[in-house]
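Counting convention: from 1, in listed order, for ligands and their atoms alike. No experiment lies behind these values; they were computed from the predicted model shown. In what follows, residues are counted from 1 in the order of the sequence shown.
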Amino acid sequence: MTIIDEIKAGVLDGDARAVDNLVPQALQAGTSAESLLKEALIPAMGEVGARFEAGDYYVPEMLISARAMKVGLEHLRPLLVAQDVKPAGKIVVGTVKGDLHDIGKNLVAIMMEGAGFQVIDLGVDVTPEQFIQAIRENEADLVGLSALLTTTMTNMKSTIEAIKAAGLYDQVKVIIGGAPVSQAFADQIGAHGFAPDASAAATLAARLIA
Ligand code: B1M
């Protein structure tokens, strides 16, 4: 079993302590943070989702796996974030109202920081009003909306409508992402862009404010 397999197993078993030990070991042995993210942590969460869909995992298992993944991510954060970079712009990020999934959104925040953005992270279950207040208070250049549920995707639309109603739509670029979201959906609801993953989100953000 490679260390990558052991880390995957740690996330699948929700064994945060094992992940906490193994990730630094793998880094020390020369595995890159990016490989650990793309070959261990993200596929492991994909497998957690597949097991949930198959009825083999329930919400508690998903939660403890998510906690183990977060522990692993914390080791990668400083390595994924470039040092001493001037803010490229300000972005407000959050998971939309009704949605409690934050791992993907946290990754987006990390990659944005890595691309030199100042990130204002509003957390999960963020109402349109909270987004608007944060955009105003921080004079944000961009806003990033994350949703993982088909039932909360619609709250991306209501957030964009609220941004328009508040007269902020011409001042901020809205980026959306999350497993059920697509470019077609972004076009349909008036988002300025869609990104399929966290690093694409950072590239898109830089392009939108260039
Ligand atoms: Co939930 N859950 N969950 N869950 N959960 C999913 C999303 C699901 C697909 C599982 C399944 O059925 N296979 C399913 C949604 C079905 C649907 O709507 N189509 C589901 C469900 C049903 C639910 C509940 C309703 C379960 C219940 O209670 N019966 C419930 C809802 C709670 C709520 O939000 N109101 C629920 C709860 C939970 C937990 C709390 C237990 C936990 C979340 C813990 C946490 O986030 N702190 C959880 C988890 C862990 C998952 C799965 C297993 C993993 C999600 C994840 O973190 N993936 C997920 C199944 C799956 O996705 N395979 C599932 C890893 C992460 C890195 O990927 O978030 O997709 P992701 O982010 C990606 C991209 O999407 C993108 O970048 C990231 C990669 O770089 N991205 C962006 C994300 N946001 C972006 C924003 C951008 C750009 C890109 O720009 C701003």
Side-chain angles (χ1 to χ4, degrees), residues 8 11-12 14 16 33-34 36-74 76-77 80 89 91-115 117 119-127 131 135 140-156 159-160 163 172-183 185-186 189 191-208:
K8 276 161 104 172
V11 173
L12 280 172
E34 204 185 345
L36 289 173
L37 183 66
K38 293 191 173 157
E39 289 164 31
L41 297 179
I42 290 182
M45 281 314 286
E47 176 60 24
V48 170
R51 291 186 185 185
F52 179 75
E53 258 173 76
D56 296 331
Y57 270 20
Y58 296 93
V59 173
E61 283 90 352
M62 278 209 289
L63 262 179
I64 57 166
S65 287
R67 194 185 55 196
M69 169 144 181
K70 277 186 178 183
V71 166
L73 264 184
E74 281 313 308
L76 304 187
R77 176 186 287 272
L80 294 171
I91 179 161
V92 167
V93 298
T95 305
V96 295
K97 189 175 168 207
D99 200 319
L100 302 177
H101 296 86
D102 69 353
I103 295 175
K105 182 267 299 166
N106 292 345
L107 265 177
V108 170
I110 290 174
M111 296 313 287
M112 290 287 177
E113 280 178 35
F117 285 90
V119 178
I120 301 104
D121 188 346
L122 303 182
V124 296
D125 192 18
V126 183
T127 63
F131 277 113
I135 293 166
D141 306 295
L142 297 130
V143 57
L145 310 179
S146 180
L148 264 283
L149 299 171
T150 43
T151 48
T152 56
M153 283 167 70
T154 50
N155 293 334
M156 292 180 145
T159 303
I160 292 176
I163 289 171
V172 283
K173 302 286 183 204
V174 185
I175 298 178
I176 65 166
V181 179
S182 63
Q183 182 62 54
F185 181 68
I189 66 171
H192 296 98
F194 156 77
D197 60 47
S199 65
T203 310
L204 173 66
R207 186 159 55 76
L208 283 174

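- Counting only distance, with no hydrogens or angles, the side chain of Asn155 and the backbone of Lys97 share a donor-acceptor pair below 3.5 Å.
- A donor-acceptor contact shorter than 3.5 Å links the side chain of Ser65 to the backbone of Val11.
- By the 4.5 Å heavy-atom criterion applied to side chains, Val96 and Ile176 are not counted as neighbours.
- Ordered by chain and number, His101 NE2 make up the set of protein N, O or S atoms under 2.8 Å of atom 1 (Co) of ligand 1.
- Counting protein heavy atoms under 4.0 angstrom from atom 59 (C) of ligand 1 gives zero.
- Atom 65 (C) of ligand 1 is flagged as protein-proximal [any protein heavy atom, distance under 4.0 Å].
- At a threshold of 4.5 Å between non-hydrogen side-chain atoms, the residues Leu37 and Leu73 count as touching.
- Proximity of atom 6 (C) of ligand 1 to the protein is indicated by at least one non-hydrogen atom lying closer than 4.0 angstrom.
- Panel note: side chain Asp99, backbone Ser146; no donor-acceptor pair is recorded below 3.5 Å.
- Of the listed options Gly177, Gly104, Pro196, Pro196 places a heavy atom closest to atom 76 (C) of ligand 1.
- The two atoms that bring Lys8 and Glu39 nearest to each other are CD-O, 3.6 Å, heavy atoms only.
- Between Ala147 and Thr152, the shortest heavy-atom contact is CB-OG1, 3.8 Å.
- Checked by distance only, ligand 1 and Lys105 stay at 3.5 Å or farther apart across all their nitrogen or oxygen atoms.
- For atom 45 (C) of ligand 1, the closest non-hydrogen atom of the protein is Asp102 OD1, 3.4 Å.
- For Ala66 against Ile103, the heavy-atom pair with the smallest separation is CB-CD1, 3.5 Å.
- In summary, the atoms of ligand 1 found under 4.0 Å from a heavy atom of Ala201, numbered by their order in the structure, are 88 (C).
- Checked by atom type and distance alone, the side chain of Thr95 never pairs as donor or acceptor with a backbone atom of Asp102 at under 3.5 Å.
- Nearest protein heavy-atom contact of atom 89 (C) of ligand 1 is Ala195 O, 3.3 Å.
- Considering only non-hydrogen protein atoms, atom 81 (N) of ligand 1 sits nearest to Gly178 N, 3.5 Å.
- By the 4.5 Å heavy-atom criterion applied to side chains, Lys38 and Glu34 are counted as neighbours.
- Residue-to-ligand polar distances place Ala198 within reach of ligand 1: an N/O pair is separated by less than 3.5 Å.
- Taking atom 13 (N) of ligand 1 as the reference point, the nearest protein heavy-atom neighbour is Glu53 OE2, 2.7 Å.
- When every heavy atom of Leu41 is checked against every heavy atom of Met69, the shortest pair comes out as O-SD, 3.6 Å.
- Among all non-hydrogen protein atoms, the one lying nearest atom 67 (C) of ligand 1 is Leu107 CD1, 3.6 Å.
- Atom 50 (C) of ligand 1 has Met45 CE, 3.3 Å as its closest protein atom, hydrogens excluded (heavy atom only).
- Inside a 4.0 Å radius of atom 85 (C) of ligand 1 there is at least one protein heavy atom.
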Verdict with supporting geometry, Tyr57 and Leu12, side chain to side chain contact (heavy atoms under 4.5 Å, CB included): CA-CA 10 Å; Tyr57 270 20; Leu12 280 172; 4.0 Å; yes
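- Look at Gly98 and you'll find a heavy atom under 4.0 Å from some atom of ligand 1.
- The neighbour count for Arg51 CZ, taken as heavy atoms of other residues, nucleotides or ligands under 6.0 Å away, is above 12.
- A donor-acceptor contact shorter than 3.5 Å is absent between the side chain of His192 and the backbone of Ile175.
- Residue Val108 has at least one heavy-atom neighbour below 4.0 Å for each of these atoms of ligand 1: 82 (C), 85 (C), 86 (C), 87 (C), 88 (C), 89 (C).
- Of the protein's heavy atoms, Leu63 CD2, 3.9 Å lies nearest to atom 40 (C) of ligand 1.
- Nearest non-hydrogen protein atom to atom 18 (O) of ligand 1 is Thr150 N, 2.9 Å.
- Counting heavy atoms under 4.0 Å from ligand 1, residue Leu145 touches it through the backbone alone.
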Working for side chain to side chain contact (heavy atoms under 4.5 Å, CB included), residues Leu107 and Ile42: CA-CA 10 Å; Leu107 265 177; Ile42 290 182; 3.9 Å; yes
Worked verdict on Lys105 versus Asp121 for side chain to side chain contact (heavy atoms under 4.5 Å, CB included): CA-CA 9 Å; Lys105 182 267 299 166; Asp121 188 346; 3.0 Å; yes
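- In this structure, Ile176 counts as a contact residue of ligand 1, since one of its heavy atoms falls inside 4.0 Å of the ligand.
- For the pair Ala66 and ligand 1, the shortest N or O to N or O distance does not fall below 3.5 Å.
- Of all atoms in ligand 1, listed by their number and element, those nearer than 4.0 Å to a heavy atom of Asp99 are 34 (O).
- Ligand-side atoms of ligand 1 in range of Gly144: 91 (C), range being under 4.0 angstrom from any heavy atom.
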Worked check of salt bridge (Lys or Arg N to Asp or Glu O under 4.0 Å) between Lys70 and Glu74: CA-CA 6 Å; Lys70 277 186 178 183; Glu74 281 313 308; over 6 Å; no
